[in-house]
Amino acid sequence: MEIQDVENLAELAKIELSAEEKTKVLSDMEGILGYVKQIESVQVPDIDLEYPVRNIWREDENKVKEYSKEIIKEQFPDAQDDFVKVKKVL
Amino acid sequence: MIDIKNLTIEKASVMLQNKEITSVDLVSACLENIKEKNGELNALLEVFGDVLDQAKKADEMIASGNKGKLVGIPMVIKDNILINGRKVSASSKMLENYVASYDAYVIKKLRDAGVVFMGRANMDEFAMGSSTENSAYGPTKNPYDTSRVPGGSSGGSAVAVASGMCIVSLGTDTGGSIRQPASFCGIVGMKPSYGGVSRSGTMAMSSSLDQIGPLTKNAEDAKIIFDYISGKDEMDSTSIQLPNSIESKKVIGIPRNWLKEGIDTDVMQNFEEQIEKLKKLGYETKDIDLPYSKYSLAVYYILMPAEVSTNLSRLDGVRYGLRKEGETMFDSFKKSRSLGFGLETRRRIILGTYVLSHGYYDAYYNKAWKVRHAIEKEYENIFKEVDFVFTPTAPTTAFRFGEKKDPLQMYLSDIFTVPANIAGIPSISIPTGFSKDGLPYGIQAMAPLYKDQSLFEVAKDIEKNI
């Protein structure tokens, strides 16, 4: 792994790192990945990997919620009318 | 003056019901301790302004005949559990001014029970850490030695109980975040079976591992809280109603292959002494081998950051939280997330992004799930032979601030607590005395899936010995 890889991952994760942080994260990543790599050599028995998953539904009924649109809107950092407001996308 | 530091729910509720004291008295005594100690210990980020009003209401509940054990009991809540209308920040700058818009399931239960919510407990940012050094609001200090960490991530919750700022508290445990600080602060901490307690209204860190649980002074109090907060909740589809049956269980498995290295000699000696004492109470011990479990921490540091990077992607400054504007929307995301998140949070998001990226997904994430299944199976099988698995809670007593500079060294302090989260099984840490430097020791018991009640029984037996 190189600094460029850290920069690419940071870009994907929408995170900024200072030059100093990049070096630190690179060195930490190498240490952590070196440790977790041990699972590569683990021989796992041939077991069923599927959990017995099932959908949990509720009836499609209108229910009164404890919270309202107004309560949620109060937390918007920026809004206009009933919409969140953001900068241009591109 | 009421000695909150040594007061249990059991004792306090009897005194409240007998009208020897009022909830206002209890809360006032907690406030005194907070005033005296919180400046130095930094266990609480906020003390709610209406605690005395809450206490008065609780006293009215008692006066009108409510006999519940939690009426009027002052409790501190970790800063990642939502209380309607109150700030909740997960100790992050990202959510510094965020106000919860509903009650977590556990809060609803406790509110109905008449609990007084004292305030918000400090923690590692978004519950990521083992020392509270990652809090954006400064670390919490260990009351037994303020040059040492209280453990984490529920460090504030542990210190609040250990220093008499409340009677009991709530924490969350993703890889040991209740049990390790409980051990470092000389109190009881319990992580329920996965699904035992609803996660609705708790900020998700790693959704397949997180659980809410109590931090208390003894096993009985942990059971009381657990019995109130556990149960099926339609808002968390993974929650279930656990069986309430208590069976007498007496066979303890000890995974000797883990306990050979990386543990302080005195911690191991204390562990062996506790095991000997349990034998005198009629317990049998059996040396067991858990070959897959030693990979738990490696599995954890793949699955957890993967889930963290996904869960924390919602924090982009659009719908809530901190926003710092850039040129474009994506610039704003980056600036907000970088200003809002501390370095450990960003490191784990990047690590999670890496293990989930094309080309590495199979080698890391998929393989980690396979090993996780093998670990789950391993526990299922071993619990056909033994009733409990015991280890020290942590390989050391509380370490010093700044001692673990390398993140991997910090992660290794959770080596014994992580397997219970990986396997989904319940686990409890019980205090077992003090080192010659006056630092608390703790022992960890793990039980089969959904046998949470058995843990309280064995924990009470351990308490008989201290």
Side-chain angles (χ1 to χ4, degrees), chain A residues 1 5-6 8-18 21-22 24-51 54-58 65-68 70-79 84-90, chain B residues 84 98-99 101-103 234 237-238 292 295 297-302 305 309 313 316-323 325-339 341 343 346-347 349-355 357 363-364 367-371 373-374 377 406-408 411-412:
Chain A
M1 185 173 278
D5 298 313
V6 174
N8 291 344
L9 289 167
E11 176 62 31
L12 277 171
K14 297 287 175 280
I15 272 174
E16 284 176 351
L17 295 167
S18 68
E21 285 171 343
K22 279 179 204 165
K24 171 94 176 87
V25 167
L26 176 64
S27 134
D28 293 342
M29 288 275 285
E30 282 171 347
I32 298 163
L33 292 173
Y35 180 81
V36 302
K37 255 195 169 61
Q38 57 178 298
I39 69 153
E40 281 180 5
S41 59
V42 182
Q43 297 291 320
V44 284
D46 191 21
I47 49 171
D48 188 4
L49 284 179
E50 291 299 314
Y51 281 105
R54 64 195 196 289
N55 286 317
I56 296 176
W57 306 103
R58 63 168 175 80
K65 292 279 193 309
E66 293 160 57
Y67 48 90
S68 61
E70 278 59 42
I71 292 172
I72 290 166
K73 268 163 52 184
E74 280 170 21
Q75 297 293 329
F76 290 172
D78 195 7
V84 291
K85 201 170 162 186
V86 294
K87 287 268 177 174
K88 63 182 179 186
V89 175
L90 289 172
Chain B
N84 193 9
Y98 178 69
V99 176
S101 45
Y102 63 101
D103 272 340
E234 66 167 10
S237 62
T238 64
Y292 289 109
Y295 299 108
L297 197 69
V299 168
Y300 181 76
Y301 273 94
I302 294 169
S309 72
S313 67
D316 53 13
V318 173
R319 287 161 301 155
Y320 45 81
L322 182 135
R323 178 186 292 193
E325 293 291 8
E327 288 287 303
T328 64
M329 187 179 70
F330 285 132
D331 273 347
S332 303
F333 287 2
K334 271 195 242 173
K335 286 197 160 41
S336 307
R337 285 162 68 78
S338 304
L339 203 64
F341 291 146
L343 186 59
R346 283 179 287 154
R347 179 164 36 226
I349 290 172
I350 287 175
L351 188 60
T353 307
Y354 176 79
V355 298
S357 61
Y364 289 107
K367 184 63 187 274
W369 264 105
K370 286 180 187 167
V371 182
H373 278 275
K377 254 305 179 259
D406 169 17
L408 188 59
Y411 300 168
L412 285 167

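Convention: sequence-line order gives letters A, B, ...; per-chain numbering from 1.
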Rounded distance (nearest 0.5 Å) linking atom CD of Glu70(A) with atom OG of Ser101(B) = 12.5 Å
Under the criterion side chain to side chain contact (heavy atoms under 4.5 Å, CB included), which of Leu26(A), Leu9(A), Asp28(A) is the partner of Ile350(B)?
-> Leu9(A)
Between Met329(B) and Val86(A), the two heavy atoms sitting closest are SD-CG2, 3.7 Å
Side-chain donor/acceptor of Arg346(B) to backbone N/O of Ala10(A), under 3.5 Å = no
Backbone of Val25(A) reached by a side-chain donor or acceptor of Arg347(B) within 3.5 Å | no
Identify every side-chain donor-acceptor pair in residues 30-45 of chain A under 3.5 Å, counting partners at least two apart or on other chains, and give the distances.
unit_1: Lys37(A); atom_1: NZ; unit_2: Tyr364(B); atom_2: OH; d: 3.1
unit_1: Gln38(A); atom_1: NE2; unit_2: Tyr35(A); atom_2: O; d: 3.1
unit_1: Ser41(A); atom_1: OG; unit_2: Gln38(A); atom_2: O; d: 3.0

Give, for atom OG of Ser332(B) and atom NZ of Lys88(A), the distance between the pair rounded to the nearest 0.5 Å.
-> 10.5 Å
At a heavy-atom separation under 4.5 Å, does Leu297(B) approach chain A through its side chain, its backbone, both, or neither?
-> both
Checking salt bridge (charged side-chain N to carboxylate O under 4.0 Å, His left out) for the pair Lys87(A)/Glu327(B): CA distance, chi angles, key distance, verdict?
-> CA-CA 7 Å; Lys87(A) 287 268 177 174; Glu327(B) 288 287 303; over 6 Å; no
With chain A, which of Val318(B), Ile349(B), Val355(B) has the greatest number of heavy-atom pairs at distances under 4.5 Å?
-> Val318(B)
When rounded to the nearest 0.5 Å, the distance separating OG of Ser338(B) from CG of Leu17(A) is 7.0 Å
Is any side-chain N of the basic residue among Glu234(B) and Arg58(A) closer than 4.0 Å to the acidic one's carboxylate O?
-> no
Counting only heavy atoms closer than 4.5 Å, note whether Lys73(A) contacts chain B via side chain, backbone, both or neither.
-> neither
Atom CG in Asp78(A), atom CD in Glu325(B): separation rounded to 0.5 Å?
-> 6.5 Å
If you measure from CD on Glu11(A) to OG1 on Thr353(B), what distance do you get to the nearest 0.5 Å?
-> 11.5 Å
Cut-off 4.5 Å, heavy atoms of chain B, and the answer for Ile56(A) is side chain
Applying side-chain hydrogen bond (donor to acceptor under 3.5 Å, both in side chains) to Thr238(B) and not counting sequence neighbours gives Arg199(B), Asp236(B)
Chain A contacts, top residue of Tyr102(B), Tyr300(B), Tyr98(B) (heavy-atom pairs, under 4.5 Å) | Tyr98(B)
Look at atom CZ of Phe76(A) and say whether more than 12 heavy atoms of other residues, nucleotides or ligands are closer to it than 6.0 Å.
-> yes
Which atoms of Leu343(B) approach chain A - backbone, side chain, both or neither, heavy atom under 4.5 Å | side chain
Non-hydrogen atoms of chain B under 4.5 Å away: do they reach the side chain of Val84(A), the backbone, both or neither?
-> side chain
State the CD1-OG distance between Ile15(A) and Ser336(B), to the nearest 0.5 angstrom.
-> 11.5 Å
